[in-house]
J.: 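First the structure, which I've put down as structure tokens, then a few questions once you've had a look.
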Amino acid sequence: MDWDAHAVQLMQEAAKKQPPRGMIRLSGPLEHDNIVNGDGLRAVVWTQGCPNHCRGCQNPETWDFENGFVVEIDEVKKRLSEFPGQNGLTFCGGEPFVQPRACKEIADYVREELGWNVWSFSGFTYEQIEKAGGEFMEFLKSLDALIDGRFILKERDLGLKYRGSRNQRLLYLEHGTAKIKSIE
């Protein structure tokens with residue numbers, strides 16, 4: 001099996017562990033006034049659960065699908081609306097793409113109700129997400145930017161903007177279609 005097919009299978013299997021509709025599993029509290037996970041002043045949603053287990057990951061405590069805590073999406077929306085001065089939301093993890101329904105619902109809310117842009121990190125590549133299709137692609141379409149690819153310790157580079165290793169890309173996307181507008 002090639003790596004892309006394996007990654008798609010990992011994503012699909014992990015997504016079966018999503019909490020029930022209307023809920024999301026988080027690894028920690030919502031964050032605000034973040035300046036390192038995207039352009040501008042940002043709120044951050046830290047998701048729980050990741051099948052990638054990248055060597056050297058900065059958040060290995062977010063890998064286990066049973067850890068963290070489950071919270072209602074409506075509570076997340078309420079809390080995000082209480083963060084003044086933010087211009088965007090970033091999904092970090094864990095792996096946001098293993099909870100695509102919940103992340104898309106939150107992304108749509110902050111865009112429509114709060115006027116924020118939406119970014120996400122993913123250990124999966126754009127092409128793998130595209131290949132997986134379905135709800136994974138629907139979440140991707142709700143984004144303005146994606147930082148994609150597994151963290152690779154041998155390619156670690158602390159000088160990169162918003163990324164940890166040289167293989168990772170910062171993809172600016174067309175909201176609603178997920179077409180790549182530009183790549184850094």
Side-chain angles (χ1 to χ4, degrees), residues 11-12 14-52 57-124 126 129 132-148 161-163 170-178:
M11 191 183 328
Q12 291 169 334
K16 292 177 183 174
K17 300 173 185 175
Q18 291 184 79
R21 289 196 184 275
M23 308 294 278
I24 187 169
R25 183 175 294 276
L26 301 177
S27 63
L30 301 175
E31 191 174 324
H32 59 90
D33 299 335
N34 183 290
I35 58 170
V36 297
N37 289 305
D39 283 338
L41 207 54
R42 311 189 70 74
V44 179
V45 170
W46 294 94
T47 63
Q48 179 71 36
C50 181
N52 290 314
C57 173
Q58 70 176 5
N59 299 317
E61 67 280 0
T62 66
W63 294 353
D64 190 325
F65 287 89
E66 301 302 317
N67 284 347
F69 54 95
V70 176
V71 62
E72 291 183 7
I73 292 170
D74 286 343
E75 179 62 24
V76 172
K77 292 176 187 176
K78 179 181 177 291
R79 292 287 320 280
L80 290 171
S81 71
E82 295 168 353
F83 293 159
Q86 311 303 292
N87 69 318
L89 172 70
T90 302
F91 291 94
C92 294
E95 173 55 61
F97 276 85
V98 301
Q99 296 188 72
R101 286 189 313 257
C103 290
K104 180 186 182 336
E105 185 177 336
I106 294 166
D108 290 347
Y109 169 78
V110 299
R111 169 177 289 288
E112 294 164 14
E113 300 299 322
L114 305 178
W116 297 355
N117 64 63
V118 183
W119 290 32
S120 185
F121 284 84
S122 180
F124 298 108
Y126 175 92
I129 296 165
E135 62 188 5
F136 309 103
M137 196 63 196
E138 292 307 310
F139 175 39
L140 187 68
K141 288 177 183 178
S142 72
L143 301 178
D144 297 287
L146 174 71
I147 297 92
D148 78 338
K161 185 162 96 175
Y162 311 125
R163 293 161 285 165
L170 170 52
L171 307 171
Y172 292 98
L173 307 174
E174 180 179 277
H175 176 263
T177 69

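Given the structure is predicted, the values throughout are model-derived calculations rather than measurements. Index from 1, following the sequence.
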J.: Who pairs with Tyr162 by ring pair (Phe, Tyr, Trp, His ring centres under 6.0 Å), at least two apart in sequence or on another chain?
T.: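 Checked Tyr162 against ring pair (Phe, Tyr, Trp, His ring centres under 6.0 Å); matches are Trp119.
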J.: Give the intermediate values and the outcome of side chain to side chain contact (heavy atoms under 4.5 Å, CB included) for residues Phe121 and Ile147.
T.: CA-CA 5 Å; Phe121 284 84; Ile147 297 92; 3.6 Å; yes
J.: Kindly write out the residues that satisfy ring pair (Phe, Tyr, Trp, His ring centres under 6.0 Å) with Phe83, not counting sequence neighbours, or none if the list is empty.
T.: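 Testing Phe83 for ring pair (Phe, Tyr, Trp, His ring centres under 6.0 Å), a comparison that skips the adjacent residues, returns His32.
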J.: Do the non-hydrogen side-chain atoms of Trp63 and Pro51 ever get within less than 4.5 Å of each other?
T.: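 Contact flag for Trp63/Pro51 side chains = no.
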J.: Rounded to the nearest 0.5 Å, how far does OG1 of Thr47 lie from CG of Asn59?
T.: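 The distance works out to 9.5 Å.
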J.: What are the two closest heavy atoms between Tyr109 and Ser81, and how far apart are they?
T.: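 Residues Tyr109 and Ser81, closest heavy atoms: OH-CB, 3.5 Å.
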J.: Decide side chain to side chain contact (heavy atoms under 4.5 Å, CB included) for Ser27 and Phe69; before the verdict, give the C-alpha distance in whole Å, the side-chain angles of both, and the deciding distance to 0.1 Å.
T.: CA-CA 7 Å; Ser27 63; Phe69 54 95; over 6 Å; no
J.: Determine yes or no for a side-chain-to-main-chain donor-acceptor pair under 3.5 angstrom, with Tyr126 supplying the side chain and Ala178 the backbone.
T.: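 Between the backbone of Ala178 and the side chain of Tyr126 there is a qualifying donor-acceptor contact (under 3.5 Å).
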J.: Please give me the minimum heavy-atom distance between Val70 and Met23, naming the atom from each residue.
T.: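 Heavy atoms of Val70 and Met23 come nearest at CG1-CE, 3.5 Å.
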J.: Within this structure, what is the CZ-CG distance for the pair Arg163 and Leu170, rounded to the nearest 0.5 Å?
T.: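 Taking CZ in Arg163 and CG in Leu170, the distance rounds to 5.5 Å.
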J.: Among residues at least two apart in sequence or on other chains, which ones pass side chain to side chain donor-acceptor pair (under 3.5 Å) with Trp116?
T.: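 Partners of Trp116 under the side chain to side chain donor-acceptor pair (under 3.5 Å) test: none.
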J.: State, to 0.1 Å, how close Leu41 and Ile35 come at their nearest heavy-atom pair, and which atoms those are.
T.: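 Reported closest heavy-atom pair: CD1-CG2, 3.8 Å.
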J.: Considering only heavy atoms from C-beta outward, does the side chain of Ile129 approach that of Met11 to under 4.5 Å?
T.: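 Ile129 reaches Met11 side chain to side chain.
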J.: Regarding Arg79 and Glu75, does a basic nitrogen lie under 4.0 Å from an acidic carboxylate oxygen?
T.: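 Result for this pair is no, no salt bridge flagged.
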J.: Residues in side chain to side chain donor-acceptor pair (under 3.5 Å) with Gln58, at least two apart?
T.: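 Gln58 satisfies side chain to side chain donor-acceptor pair (under 3.5 Å) with no other residue.
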J.: Asp144 side chain to Asn117 main-chain N or O, any donor-acceptor pair under 3.5 Å?
T.: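 Side chain of Asp144 to backbone of Asn117: no pair is present.
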J.: Going by atom type alone, with no hydrogens or angles, which donor-acceptor pairs under 3.5 Å involve a side-chain atom of residues 89-106 and a protein atom two or more places apart or on another chain?
T.:
unit_1, atom_1, unit_2, atom_2, d
Thr90, OG1, Asn37, O, 2.6
Thr90, OG1, Arg42, NE, 2.6
Glu95, OE1, Ser122, OG, 3.4
Glu95, OE1, Gly123, N, 2.7
Glu95, OE2, Phe97, N, 3.0
Glu95, OE2, Ser122, OG, 2.8
Gln99, OE1, Arg25, N, 2.8
Gln99, NE2, Arg25, O, 2.9
Gln99, NE2, Gln48, O, 3.3
Arg101, NH2, Pro19, O, 3.4
Lys104, NZ, Asp108, OD1, 3.4
Lys104, NZ, Asp108, OD2, 2.5
Glu105, OE2, Lys77, NZ, 3.0

J.: Go through it in stages, so that I can follow the logic: the residues are Glu135 and Gln18, the test is side-chain hydrogen bond (donor to acceptor under 3.5 Å, both in side chains), and I'd like the CA-CA distance, side-chain angles, deciding distance and then a yes or no.
T.: CA-CA 12 Å; Glu135 62 188 5; Gln18 291 184 79; 3.1 Å; yes
J.: Ignoring hydrogens and angles, state whether a donor on the side chain of Asn34 or Gln86 is under 3.5 Å from an acceptor on the partner side chain.
T.: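 Their side chains do not contain a donor-acceptor pair, so the 3.5 Å distance test is not met.
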J.: If you count the non-hydrogen atoms of other residues, nucleotides and ligands that lie under 6.0 Å from CD in Glu174, is the total more than 12?
T.: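 Atom CD in Glu174 is packed in, count exceeds 12.
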J.: Taking all non-hydrogen atoms of both residues, which atom of Leu140 and which atom of Leu146 are closest, and how far apart?
T.: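 Looking at all heavy atoms of both residues, the shortest contact is CD1-CD2, 3.7 Å.
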J.: Sequence neighbours left out, what passes side chain to side chain donor-acceptor pair (under 3.5 Å) with Lys141? Give chain and number order.
T.: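 Expected list: Glu138.
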J.: Which heavy atom in Val76 sits nearest to a heavy atom in Leu30, and how many Å separate them?
T.: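 For Val76 and Leu30, the tightest heavy-atom pair comes out as O-CD1, 3.9 Å.
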